[in-house]
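To start, the structure under review is shown below, and the notes come after it.
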There are 2 protein chains.
Amino acid sequence: MTKDMANENIRQRLAEKMAGEITLSEKPGEALKKWRLNFDIAQTDLSGYLKVSPSVISDYESGRRKSPGTLIVSKIVDALLEIDTSKGGQKIHSYEGMLYANPGAKAVYATYEYTYPMQLAKLATLIEADVVNKGVEKPLYGFTVVDSKKAILELSSHEFQKLYGWSTERALIFTKVSTGKSPLVAIRVTNLKPGAVVIHGIRGNQVDPMAKKMAEIDRIPLLATTMDIDELVEVLKKYSQYHVIE
Amino acid sequence: MTKDMANENIRQRLAEKMAGEITLSEKPGEALKKWRLNFDIAQTDLSGYLKVSPSVISDYESGRRKSPGTLIVSKIVDALLEIDTSKGGQKIHSYEGMLYANPGAKAVYATYEYTYPMQLAKLATLIEADVVNKGVEKPLYGFTVVDSKKAILELSSHEFQKLYGWSTERALIFTKVSTGKSPLVAIRVTNLKPGAVVIHGIRGNQVDPMAKKMAEIDRIPLLATTMDIDELVEVLKKYSQYHVIE
DNA sequence: GGTTTTATTCGACAATTGTCGAAAGAGCGT
DNA sequence: ACGCTCTTTCGACAATTGTCGAATAAAACC
């Protein structure tokens, strides 16, 4: 397979992922905005490419139209990918690992993407967690629940980053931990910082001081909770539904 | 991960795949129809579930509306999955392997899905192929180009079916073959019959008589072509664009 | 503070969608 | 031939979308 064919395949799969997510979203405008920001493209550039007024893009993203047509969604998705391609395709390429990842990896319990972000305080509330380190607060676009021991034993550095799903701006939740030190070590060596780390299985005051120290240095929000893992996942999955009701 | 969570994950991923494909399609109505037929659900059942008139579904599928809104697409996708779930989820389950498949497998050169079918005669014309065996003609919803030797050496029976992408009603194109016998043998032992088999690298009169015989017995259309493989893939990928122009 | 860039709001209006319901067609079983 | 199931067509109309362009706001830069 030529390189161009491989790139075309990735682009096609990414287009489907994007279009699917936008179409299924309760707020398609927000989902459109998420992807445009992911690609680091200004509204003015996007509207210029599509030959429409800049306000057209803003109107869609702001939710003025509750049910945009498939045609405009398709046009915007294609435009984002084309603009990125014309810039060298680095954003598309950065999703390569995600598109080819095996989500059935034994280390991963659950993974979920949000189209609109969750705040750290909300996360802490939902999963009844102690905040061990506040860190630099980022919006969280998803979460991954990981079996801590399996992840560390089985995943190479390259594979470790697959835990990040579509965005590093997500909560990594490590379960079956004893003190919480190993996950922070693993994160340090991969040099990819998640939006937050949750140590599951112990309370905040049981977290190893070295773990807290590493979180402070790397400015990563660190939480600890003993909530039942299945219940935790259920609550986090329902987050998108809560958002609509609020 | 509980079984219900695993099922929920598959369903979510399938929903995205479906919604993405429909949204990106030049003819979303045809794509909607394809998925409804894949799920073996009547328009009357779907409209009943959605509490709309049966003509609503027919109007959409027939293309009366060129750019349906994301809301109706989302509703239809959710309804298809929910109706299948209430019947035991066998259609959703049947896609499990496809969702978790690793499309980067070395044996696969290219794979592509169509939302509307190609006829066998059209395929033969596009790739300048000799028809070795007519077989029972089926609409073709995609193609997979396979390195014949690698596929046979590296793929187990279980993995072999991953070549089928989203539908067995596709053309399997085997390249780097000498006589064409091995691919037909491999297909026989997996007991999954593709919509068509293409032997790439030899002309029709060079195909091993045993291969032709097996194709006749299994009633599988068998073609042979010496077209350049990259050009062949390019032509087949462009098929969706041709369809629109016609 | 001024300028530039980027984004948002909103009135307006032509075009299209979402949907109903009536009528008709096709296929199948009796 | 008749009845049933499934699908399609299409007129109609209220509701919504697609988009422009003007005005305004916010952020970034100098």
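The sequence lines fix the lettering, A, B, ..., with proteins before strands; numbering per chain opens at 1.
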Next on the checklist: Please report the distance, rounded to the nearest Å, between CG in A:Leu50 and P in D:dG18.
Outcome noted: 13 Å
Item to check | Contact letters for nucleotides 23-30 of chain C, in which S counts primed atoms plus P, OP1 and OP2 and B counts the base, heavy atoms under 4.0 Å | outcome: --------
Checklist entry - Does A:Arg65 make a side-chain N or O approach to OP1 or OP2 of C:dC10 shorter than 4.0 Å? => result no
Checklist entry - What integer distance in Å separates B:Arg36:CZ from D:dC6:C1'? => result 9 Å
Next on the checklist: Closest-nucleotide mapping onto DNA chain C: is B:Lys66 or B:Pro54 further toward the 5' terminus? I mean the 5' end.
Outcome noted: B:Lys66
Checklist entry - Given B:Ile76 and B:Ile22, is the side chain to side chain contact (heavy atoms under 4.5 Å, CB included) satisfied, shown in steps? => result CA-CA 11 Å; B:Ile76 291 173; B:Ile22 292 162; over 6 Å; no
Checklist entry - What is the distance from CD of B:Glu61 to P of D:dT8, rounded to the nearest Å? => result 6 Å
Checklist entry - Given that A:Leu71 and B:Asp59 both sit by DNA chain D, which one's nearest nucleotide is further toward the 5' end? => result B:Asp59
Checklist entry - So, is B:Lys51 near the phosphate of C:dC20, with a side-chain N or O under 4.0 Å from OP1 or OP2? => result no
Next on the checklist: Any side-chain N or O of A:Lys33 below 4.0 angstrom from OP1/OP2 of C:dT8?
Outcome noted: yes
Next on the checklist: Whole angstroms only, please: what is the CD1-C1' distance between B:Ile57 and D:dT9?
Outcome noted: 16 Å
Checklist entry - Under 4.0 Å: is that the gap between some side-chain N or O of B:Tyr60 and OP1 or OP2 of C:dT17? => result no
Checklist entry - Between B:Ser67 and B:Asp45, which is nearer to the 5' end of DNA chain D once each is assigned its nearest nucleotide? => result B:Asp45
Item to check | Presence of A:Ser55 side-chain N/O under 4.0 Å of D:dT19 phosphate oxygens OP1/OP2 | outcome: no
Next on the checklist: Any carboxylate oxygen within less than 4.0 angstrom of a Lys/Arg side-chain nitrogen, looking at B:Arg11 and B:Glu82?
Outcome noted: yes
Item to check | Length of the line joining B:Asp40:CG and D:dC6:C1', which is rounded to integer Å | outcome: 13 Å
Only distances under 3.5 Å count here; give the side-chain donor-acceptor pairs of residues 65-74 of chain B to other protein atoms, sequence neighbours excluded, each with its distance to 0.1 Å.
unit_1: B:Lys66; atom_1: NZ; unit_2: B:Gly63; atom_2: O; d: 2.9
unit_1: B:Ser67; atom_1: OG; unit_2: A:Thr70; atom_2: N; d: 3.2
unit_1: B:Ser67; atom_1: OG; unit_2: A:Leu71; atom_2: N; d: 3.1

Next on the checklist: Using a heavy-atom cut-off of 4.0 Å across all strands, would you classify B:Ser58 as base, sugar-phosphate, or nothing?
Outcome noted: base
Next on the checklist: Counting distance alone, no hydrogens or angles: does the base of D:dT19 have a donor or acceptor under 3.5 Å from a partner atom on the side chain of A:Arg64?
Outcome noted: yes
Checklist entry - At under 4.0 Å between heavy atoms, what does B:Ile72 touch on the DNA or RNA strands: base, sugar-phosphate, or nothing? => result sugar-phosphate
